[in-house]
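Down below is the structure, laid out as structure tokens.
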Amino acid sequence: MAHSLKSHSDSHRLNRPDLSTDVIRTAKEDLAACFRMAARNGFEEGICHHFSAVVPGHDDLFIVNAYGYAFRELTASKLLVCDFNGTVVDGEGEPEATAFYIHAEIHRRLPRARVAFHTHMPYATALSMTEGQPLIWAGQTALKFYGRTAVDENYNGLALHQREGARIAAAAGDADIVFLKHHGVLVLAPTIAEAWDDLYYLERAAEVQVLAMSTGRAVLPVDPAIAEAAYRQTREGDPESAAAHLAAIRRQLDVEEPQYRH
């Protein structure tokens with residue numbers, strides 16, 4: 001299912017910027033930690049799926065995983081830095097084709113989306129395949145996303161052209177969470193920590209909703225006024241909570257899978 005993207009010549013690397021700063025290294029380690037923990041949580045699917053982040057200090061470049069690696073294999077040094085034209089300016093290998101066509105256009109067209117995580121994680125993807133809005137707003141965890149979601153209704157096959165990435169970016173609009181009908185989900189965020197936090201809790205919210213739906217009993221949504229109030233409560237201090245969440249997964253990995261940092 002995955003497709004390699006043939007990037008431009010290595011001659012483009014001759015005038016590349018300095019990408020060896022501590023802040024860029026930290027971003028790569030944070031992203032590698034997210035890949036590893038996503039694999040642990042069952043969010044990966046073979047060698048498909050992709051996470052990206054705009055390179056700190058370089059708004060025309062983004063970090064993304066290389067084609068051919070499962071999430072659980074990724075380390076900071078295995079991640080690529082690409083420009084919006086498909087040139088790999090740092091790292092070995094090429095991005096997966098749909099990773100480039102989706103993420104380059106997301107970062108180019110939605111500057112607020114400094115980070116973009118795309119998966120086919122099972123429960124959220126299952127809800128993308130159902131009739132109507134994916135989330136019912138019946139569970140407290142789901143209320144973290146109240147008013148923050150969009151649905152891309154126009155599945156158009158694999159994203160193997162720039163036009164498809166542009167279409168998905170347009171469908172996202174102002175939303176942070178995009179359910180891609182018949183496909184999966186896309187999480188957009190200003191930081192890696194917030195993207196991870198949203199990705200994790202989105203799948204947890206989808207999981208309990210699917211379980212509730214499987215009982216065959218009516219799933220009762222929360223009153224909209226209460227849902228809005230709970231959303232605001234949930235979002236208070238969200239960046240700080242997300243940073244603590246990412247720090248927690250890095251502490252776990254530092255003990256159990258420290259190679260993610262290499």
Side-chain angles (χ1 to χ4, degrees), residues 1-7 28-53 62-82 86 88 91-107 115-130 134 152 155-162 164-165 167-168 177-189 192 195-207 210 249 252-253 256-257 259-262:
M1 291 177 65
H3 295 69
S4 177
L5 178 78
K6 299 303 180 184
S7 64
K28 287 183 174 182
E29 289 182 5
D30 284 347
L31 207 55
C34 292
F35 282 116
R36 291 292 182 112
M37 194 56 72
R40 286 187 174 204
N41 280 279
F43 298 171
E44 71 172 352
E45 185 176 64
I47 58 169
C48 303
H49 305 178
H50 12 89
F51 295 173
S52 66
F62 64 99
I63 306 165
V64 69
N65 46 311
Y67 171 75
Y69 290 100
F71 278 12
R72 64 191 67 242
E73 297 181 279
L74 289 167
T75 67
S77 63
K78 286 180 179 175
L79 300 178
L80 306 177
V81 174
C82 300
V88 175
E92 298 299 322
E94 298 91 23
E96 199 272 331
T98 63
F100 171 72
Y101 288 120
I102 292 174
H103 292 254
E105 291 306 306
I106 289 290
H107 294 310
V115 183
F117 285 6
H118 170 57
T119 73
H120 303 168
M121 52 191 187
Y123 291 99
T125 300
L127 294 183
S128 81
M129 297 159 59
T130 61
D152 174 15
Y155 176 68
N156 198 35
L158 299 185
L160 294 175
H161 194 280
Q162 182 180 7
E164 189 65 7
R167 188 191 63 74
I168 292 171
I177 309 298
V178 187
F179 284 89
L180 307 170
K181 277 289 189 183
H182 315 291
H183 182 179
V185 292
L186 186 64
V187 173
L188 309 179
I192 293 170
W196 167 255
D197 200 59
D198 276 352
L199 187 80
Y200 174 82
Y201 285 111
L202 178 64
E203 182 67 347
R204 296 295 288 172
E207 181 179 6
V210 170
I249 72 169
Q252 293 174 63
L253 292 170
E256 298 166 6
E257 296 183 55
Q259 62 269 32
Y260 83 93
R261 302 176 63 181
H262 300 155

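Taking every heavy atom of both residues into account, Ala124 and Ala206 meet most closely at N-CB, 3.5 Å. Between Ala116 and Ile106, the closest heavy-atom pair is CB-CG2, 4.2 Å.
With a 4.5 Å cut-off on side-chain heavy atoms, Asn41 and Met121 do not count as touching. Put simply, the side chain of Val64 does not reach to within 4.5 Å of the side chain of Phe100, judged on heavy atoms. For the pair His103/His118, a side-chain contact is recorded, criterion being any heavy-atom separation below 4.5 Å from C-beta on. Looking only at side-chain heavy atoms (C-beta outward), Leu31 and Phe35 come within less than 4.5 Å of each other.
Applying the ring-ring contact (aromatic ring centres under 6.0 Å, His included) rule to Phe43 yields no partners; only residues at least two apart in sequence or on another chain are considered. For Glu207, the side-chain hydrogen bond (donor to acceptor under 3.5 Å, both in side chains) partners are Arg204, not counting sequence neighbours. In this structure, the ring-ring contact (aromatic ring centres under 6.0 Å, His included) partners of Tyr201, at least two apart in sequence or on a different chain, are His245. Applying the salt bridge (charged side-chain N to carboxylate O under 4.0 Å, His left out) rule to Glu164 yields the partners Arg167; only residues at least two apart in sequence or on another chain are considered. Among residues two or more places apart in sequence or in another chain, the ring-ring contact (aromatic ring centres under 6.0 Å, His included) test is passed with Phe179 by none. Residues satisfying the side chain to side chain contact (heavy atoms under 4.5 Å, CB included) test with Ala70, not counting sequence neighbours, are Glu44, Arg72, Glu73. Evaluation of the side-chain hydrogen bond (donor to acceptor under 3.5 Å, both in side chains) rule for Thr130 yields no partner, not counting sequence neighbours. Not a single side-chain hydrogen bond (donor to acceptor under 3.5 Å, both in side chains) links His182 to another residue, sequence neighbours left out. In this view, Ala189 and Glu194, Ala195 satisfy the side chain to side chain contact (heavy atoms under 4.5 Å, CB included) rule, not counting sequence neighbours. Applying the salt bridge (charged side-chain N to carboxylate O under 4.0 Å, His left out) rule to Asp30 yields the partners Arg250; only residues at least two apart in sequence or on another chain are considered. With sequence neighbours left out, the side-chain hydrogen bond (donor to acceptor under 3.5 Å, both in side chains) criterion links His107 to Ser52. Phe117 pairs by the ring-ring contact (aromatic ring centres under 6.0 Å, His included) definition with Phe51, not counting sequence neighbours.
Looking only at distances, no side-chain donor or acceptor of His120 sits under 3.5 Å from a matching main-chain atom of His49. The backbone N or O of Thr98 lies less than 3.5 Å from a partner atom in the side chain of Glu96, making a donor-acceptor pair.
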